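Inspection log for the structure reproduced underneath, given as structure tokens.
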Amino acid sequence: MENINEIRAAEPEDIAFDSVEIAGLVVPLLFAIMAIVLVALTPDSGSTGTASVDSKTASERAELIEQIQRR
């Protein structure tokens, strides 16, 4: 009990980041954001293929069916 005045709480060590560590944290984050934005901006490739088929008229479809049946 006589040494109770010497007990102290541990003080946290000062943390200092250098530029390489900061770049290592920021650059992957920027790439992830850019990838998400690029994926969000690209048009859906599946809808473009079906749109060309849907745009054909019934007579064009009938002609294609006849051509296929002739083969």
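Computed from a predicted model, the values in this text were never measured in an experiment. All values below were derived from every heavy atom in this structure, side-chain atoms included, with hydrogens, water molecules and symmetry-related copies excluded.
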### Query
Roughly how far, to the nearest 0.5 Å, is CG of L38 from OG1 of T42?
8.0 Å
N/O donor to acceptor pairs below 3.5 angstrom from side-chain atoms of residues 12-20, sequence neighbours left out:
{"unit_1": "D18", "atom_1": "OD1", "unit_2": "E21", "atom_2": "N", "d": "3.2"}

### Message
Looking at every heavy atom in both P28 and A23, which two are closest together, and how far apart are they?
### Response
CD-O, 3.9 Å
### Query
Got a sec, which residues hit side chain to side chain donor-acceptor pair (under 3.5 Å) with S59, two or more places apart in sequence or on another chain?
T57
### Members besides M34 in its Ile/Leu/Val/Met/Phe/Trp/Tyr cluster (side-chain heavy atoms under 4.5 Å)
V27, F31
